[in-house]
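Comments concern the structure below.
The analysis underlying the following values was restricted to heavy atoms, covering all of them including side chains, and did not include hydrogens, waters or symmetry mates. These figures come from a predicted structure and were not determined experimentally.
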Amino acid sequence: AEIYLRQALEILATTTGVDHPESLMVLQNLCLVLEKGGFGKMVEEALRNVVATRERSLGDHHPSYALSLHTLAGVLAKKGQHAEAEELLRRAITILQQAHLEGSAAHGAMLTNLASVLWFLNKEDEAEALVRRSLAIKEAAVGTSHVEYAASLQHLGGMLLQKRRLEEAEDLLRQSLAILENALGPDHPHFCPVLTTLGSCLAAQGKWAEAEAFVERALDVAAKAGSGFDQAQILSVLAQLQFALDRPAARETAAKALENLQTFLGPNHPTTRQASLMLRVIAAKNPLVRGTVAFLKRLSFRMAGATRP
């Protein structure tokens, strides 16, 4: 995909100019591909240029400008810059509402992503209300068999997991996975988040073997897709599961997770720091300490799940 997008961008830049809407759209899609390859800083700079160019050419009330804000916000959220991501998403949603596009699929997608950002900012009640609103919008706009509807189901399931509503969360996550499998086939990279979250949900209910199988499947899908960032996140969850189950592979898995997270997120990102702490705990030489912490880790899955949505 990267090669074709680069070729398309070169052709469009030569024939129509780099500021043409079609060139900007291809550049934006190329950024999303490059982001998964670990080019986070370069991608952020390119998307900020896309946003600035669309603001100059289209104005700050145009739906295309809102979509660029939405894309940039998604990249910033993955880098842990949730406050700025929230601001951009709220601006984008306001623009769509003013353009009478409230209730569209794009509006529903923005609400879902804003809900995810708010969840990380501990605005949990507003986040759940937004994702439920998004779910209703997507059901009306694209139907219950669409991947966008599945995305909202996954986000809501992840939130309910954190709120200890485990059976409801599991049901929503399984629904999301079934929709994605029917729409995309068995090994699409879109499966990775829902597989990982479902694994965490099952671990929180003590269904260890099934939980480990889902997370390992997520890792296999991410590896086939060449998605390094997804692999890094999944490895972190898998290391926690392996450690809780006293698997010998836990230390190696945790080390790989930390190395990859440092590459994609940097050493100071909260997720990276958590992975670093996890590796130190796993590597503890005192068997009594290891046994006690492994027991506490099993309890932590049962009490709170493993990941945010």
Side-chain angles (χ1 to χ4, degrees), residues 1-3 5 29-44 74-80 116 120 147 150-151 154-155 158 173 176-177 180-181 184-203 210-245 247-283 297 301 305-309:
E2 179 184 345
I3 294 174
L5 286 169
N29 291 335
L30 176 60
C31 285
L32 294 177
V33 173
L34 291 174
E35 181 199 10
K36 293 183 178 295
F39 300 94
K41 184 176 181 180
M42 182 176 69
V43 166
E44 180 184 341
V75 171
L76 295 178
K78 288 181 180 178
K79 296 176 68 176
S116 182
F120 276 99
V147 293
Q154 185 243 316
H155 278 79
L173 292 167
S176 176
L177 179 59
L180 291 173
E181 287 176 331
L184 303 174
D187 293 318
H188 197 280
H190 280 343
F191 290 2
C192 293
V194 68
L195 286 169
T196 307
T197 308
L198 180 54
S200 298
C201 184
L202 294 168
E210 191 177 8
E212 189 175 23
F214 273 114
V215 176
E216 287 179 342
R217 180 184 170 193
L219 185 61
D220 182 60
V221 170
K224 289 178 180 177
S227 178
F229 179 71
D230 285 337
Q231 288 182 68
Q233 292 186 307
I234 297 164
L235 281 169
S236 184
V237 176
L238 181 60
Q240 294 180 58
L241 267 174
Q242 289 174 337
F243 181 54
L245 295 170
R247 300 275 195 256
R251 182 172 180 173
E252 181 181 355
T253 304
K256 288 181 180 177
L258 178 59
E259 181 182 358
N260 290 351
L261 288 169
Q262 287 173 334
T263 299
F264 288 100
L265 300 176
N268 297 318
H269 192 279
T271 302
T272 307
R273 292 200 299 267
Q274 182 183 8
S276 178
L277 175 61
M278 187 66 195
L279 178 58
R280 290 199 298 273
V281 170
I282 291 174
K297 177 56 66 177
F301 271 106
T307 58
R308 290 253 177 195

Non-hydrogen atoms of [X] and [Y] that approach each other most closely:
X: A211; Y: A203; result: CB-N, 3.6 Å
X: I282; Y: A239; result: CD1-O, 4.3 Å
X: V237; Y: S200; result: CG1-OG, 3.9 Å
X: C201; Y: L173; result: CB-CD1, 4.0 Å

Review point. Would you call Q233 and T196 a side-chain contact if the rule is heavy atoms closer than 4.5 Å?
Key: no
Exercise for review: Please tell me if the side chains of P270 and Q274 come closer than 4.5 Å, counting only heavy atoms from C-beta onward.
Suggested key: no
With rounding to the nearest 0.5 Å, note down the distance linking [atom1] in [X] to [atom2] in [Y].
X: L198; Y: E210; atom1: CG; atom2: CD; value: 7.0 Å
X: L180; Y: H190; atom1: CG; atom2: NE2; value: 8.0 Å
X: L195; Y: Q154; atom1: CG; atom2: CD; value: 9.5 Å
X: F191; Y: D230; atom1: CZ; atom2: CG; value: 13.0 Å
X: I234; Y: K256; atom1: CD1; atom2: NZ; value: 13.5 Å

Determine all donor-acceptor pairs shorter than 3.5 Å in which one atom belongs to a side chain in residues 215-223; sequence neighbours excluded.
from, atom 1, to, atom 2, distance (Å)
R217, NH1, E181, OE2, 3.1
R217, NH2, E181, OE2, 2.9
R217, NH2, P186, O, 3.1
D220, OD2, K224, NZ, 3.3

Review point. Under the side chain to side chain contact (heavy atoms under 4.5 Å, CB included) test, which residues partner T272, sequence neighbours left out?
Key: L258, L261, Q262, L265, H269
